[in-house]
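Ligands are counted one by one from 1 in listed order, and the atoms in each one are counted from 1 as well.
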Amino acid sequence: MGQTQAALNLMPQPAQFTVGEGRLLIDGGFQVALTGVKEPTVEAAVKRMIARLSNSTGIPLTQALATEPAKATMVVQCGRLGGVVQKLNDDESYSLEITTQQAHLSAATTLGILRGLETFLQLVDLDAHGFGVPAVRIEDRPRFPWRGLLLDVSRHWMPIEVVKRNLDGMAAVKLNVFHWHLSDDQGFRVESKVFPKLQQIGSDGNYYTQAQVKEVIAYAHERGIRVVPEFDVPAHTSSWLAAYPALGSGPGPYEIGRHWGVYEPTMDPTREYTYRFLDRFIGEMAALFPDEYFHVGGDELNSAEWRGNRRIQAFMRHRRMKTAADLQTYFNQRLVRIVERHGKKMVGWDEVLRPGLPKDVVVQSWRGPQSLAAAAQQGYRGILSAGYYLDLMQPASQHYQVDPLGGAAAALSEQDQSRILGGEACMWAELVTPMNVDSRIWPRLAAIAEKLWSPKTVTDIDSMYQRLAVVSRQLEFIGLAHRSSGWLMLKRLTGPHPADSLARFDEVLEPVKGYAREKARQYTSLTPMNRLVDATLPESDAARQFAVLAADWKTNANEIERRLAEWRDSAINLLPMTKENALLEEQASIAENVRGISQAGIEALTYLRSDKAAPADWVKRQLDLLDTAAQPNAELLIVIVPSIRLLVQTAQAAQP
Ligand code: ACM
């Protein structure tokens with residue numbers, strides 16, 4: 001499909017664009033000339049763009065940096081140097097004009113150039129004449145200044161390569177904040193030179209050295225991404241307390257958490273030792289992480305240790321504190337002063353929003369959008385994450401309908417709304433490993449990125465899915481493993497047998513949603529993540545497309561039948577394997593169900609084509625089967641059930 005005025009193959013869609021006539025061809029003579037300020041960052045970004053263009057097209061582009069703008073295919077003109085440290089409200093706008101003769105990218109800052117180069121790369125497609133980009137005029141700028149991804153590297157360790165390839169993906173969709181969740185009950189992931197036991201005892205050996213942290217920060221900076229570290233206190237701190245038990249509110253001893261959920265170990269907010277420790281620790285980390293903002297967590301406090309500690313109870317009585325939340329507010333008030341003394345602005349999860357919280361704290365809403373509106377109304381700046389939790393396995397369309405200025409925030413005054421800085425998607429890592437994490441982030445994150453960049457009016461879900469498919473393929477060329485690793489995991493499941501049939505079967509499945517997996521069994525950080533549910537993609541494109549077909553069976557009967565037969569046969573192929581393969585054993589009843597409901601769909605078509613209503617007893621049997629198949633099984637859902645139910649019900653209603 002050509003790129004049209006309605007939509008370019010861009011995600012996020014630009015603020016303004018006009019599609020022209022014709023294309024600018026990209027061939028081996030592609031050259032880029034730099035004008036304006038000569039900044040190493042811009043030249044490096046252009047070189048990376050050329051390398052990526054070469055990689056995605058297969059065209060060698062070894063001599064692509066030109067000196068003569070008049071002869072270049074593309075001219076890049078940067079107005080001024082970017083700062084050493086990227087700031088929240090830095091100008092990211094750019095203009096990109098492409099004619100059949102030349103592309104011209106200009107921006108006031110290096111950041112704008114970075115964003116525009118990504119736009120150019122996304123526009124590249126293949127047509128009858130070869131690779132090229134459409135003639136177009138784009139004026140672009142973000143809707144929100146804070147557009148982030150949180151990556152939890154504590155629950156499952158994420159090596160530096162995972163971080164880097166995801167930073168590449170973030171840059172491709174114009175995200176600009178990497179929120180690095182670096183400590184939690186299950187692991188403390190940064191080298192501290194001041195308190196080395198944090199990583200020595202708290203990390204199982206899996207932590208980033210300070211040199212690696214600097215490498216990641218530099219890598220992110222080159223791509224126009226700020227790195228905001230999170231050290232979650234006072235709860236979520238088992239790994240710290242294992243190393244420094246004197247920080248704890250309980251008797252100890254403490255150990256690294258191995259299971260998921262909310263833990264009791266909590267820092268003692270009543271002792272000066274805690275603040276002296278945090279002052280030195282935050283001082284060290286504030287120097288390591290150059291960003292203005294510093295996240296201190298503050299979520300999910302379990303007050304059991306505080307309630308069980310007589311000294312803490314006496315402290316609370318003495319200060320007329322009634323609840324654990326009051327004590328946490330006291331802790332936060334002291335923490336803000338420490339964070340600010342080290343030159344940073346504090347960010348915390350929405351639990352920190354309590355009377356007495358200093359106004360310069362940024363509130364990150366995760367429990368619901370109400371806290372975002374409440375924070376903004378009370379004069380706090382806020383970031384939305386509720387609705388953007390990638391670990392909950394919701395479809396892109398659901399995230400896409402969450403707007404930071406929607407819900408209660410829509411009713412706020414313009415001034416209050418201006419305090420809503422944007423949002424962050426969250427990739428909590430209880431159930432992901434380096435192998436499948438990309439497939440839980442991508443491509444859905446691109447839809448959230450669009451929500452945070454594009455104008456509020458960009459809301460069309462069909463258009464989003466069309467463009468998401470394009471961007472998803474492009475992300476594979478960047479090095480993300482969201483598709484390839486799933487394939488490898490399927491191959492692991494089938495051993496010596498071909499994985500094609502399992503892949504076909506897996507198309508109709510999705511992992512259970514929300515926190516249902518944690519409820520289904522007792523997971524720990526040592527549980528193997530090698531089952532089908534770990535490979536299955538969060539969102540089935542095949543099921544979504546099938547729903548469209550099934551809604552119009554008359555037009556699509558042959559295609560519906562072909563797909564159902566493929567799914568039925570893939571289930572039949574799988575059944576013998578479930579008897580001889582320990583990892584696939586749990587698929588036996590799912591395979592039976594997929595076989596049965598696919599057959600039901602095929603039979604429904606037979607009735608529909610015959611124009612005779614399906615017999616009541618047949619209908620009843622199929623609906624019972626569909627009810628069974630709709631139940632979660634091995635933490636998986638068969639997501640073509642509603643479409644087949646529709647076919648059966650339509651067959652039931654058919655008029656003779
Ligand atoms: C959170 O999900 N506990 C911030």
**Message:** At less than 4.0 angstrom from any atom of ligand 1, which residues have a non-hydrogen atom? List them by chain and residue number.
**Reply:** Asp299, Glu300, Trp349, Trp366, Tyr389, Trp428

**Prompt:** Do any pairs count as a salt bridge (Lys or Arg N to Asp or Glu O under 4.0 Å) and have a residue in residues 155-169, sequence neighbours left out, and if so which ones?
**Reply:** Asp152-Arg155, Arg155-Asp184, Arg155-Glu430, Lys164-Glu215, Arg165-Asp438, Asp168-Arg223

**Asked** Within a radius of less than 6.0 Å around CD of Glu255, do more than 12 heavy atoms belonging to other residues, nucleotides or ligands occur?
**Response** no

**Derivation and outcome, ring-ring contact (aromatic ring centres under 6.0 Å, His included), residues Trp240 and Phe195** = CA-CA 10 Å; Trp240 310 52; Phe195 297 109; 9.0 Å; no

**Request:** Return yes if a side-chain donor-acceptor contact under 3.5 Å exists between Thr536 and Asp506, otherwise no.
**Result:** yes

**Request:** Could you verify whether a donor N or O on one side chain and an acceptor N or O on the other, from Glu284 and Gln210, lie under 3.5 Å apart?
**Result:** yes

**Prompt:** Should the pair Phe231 and Phe289 be assigned to parallel (<30°), tilted (30 to 60°) or perpendicular (>60°) ring geometry?
**Reply:** perpendicular

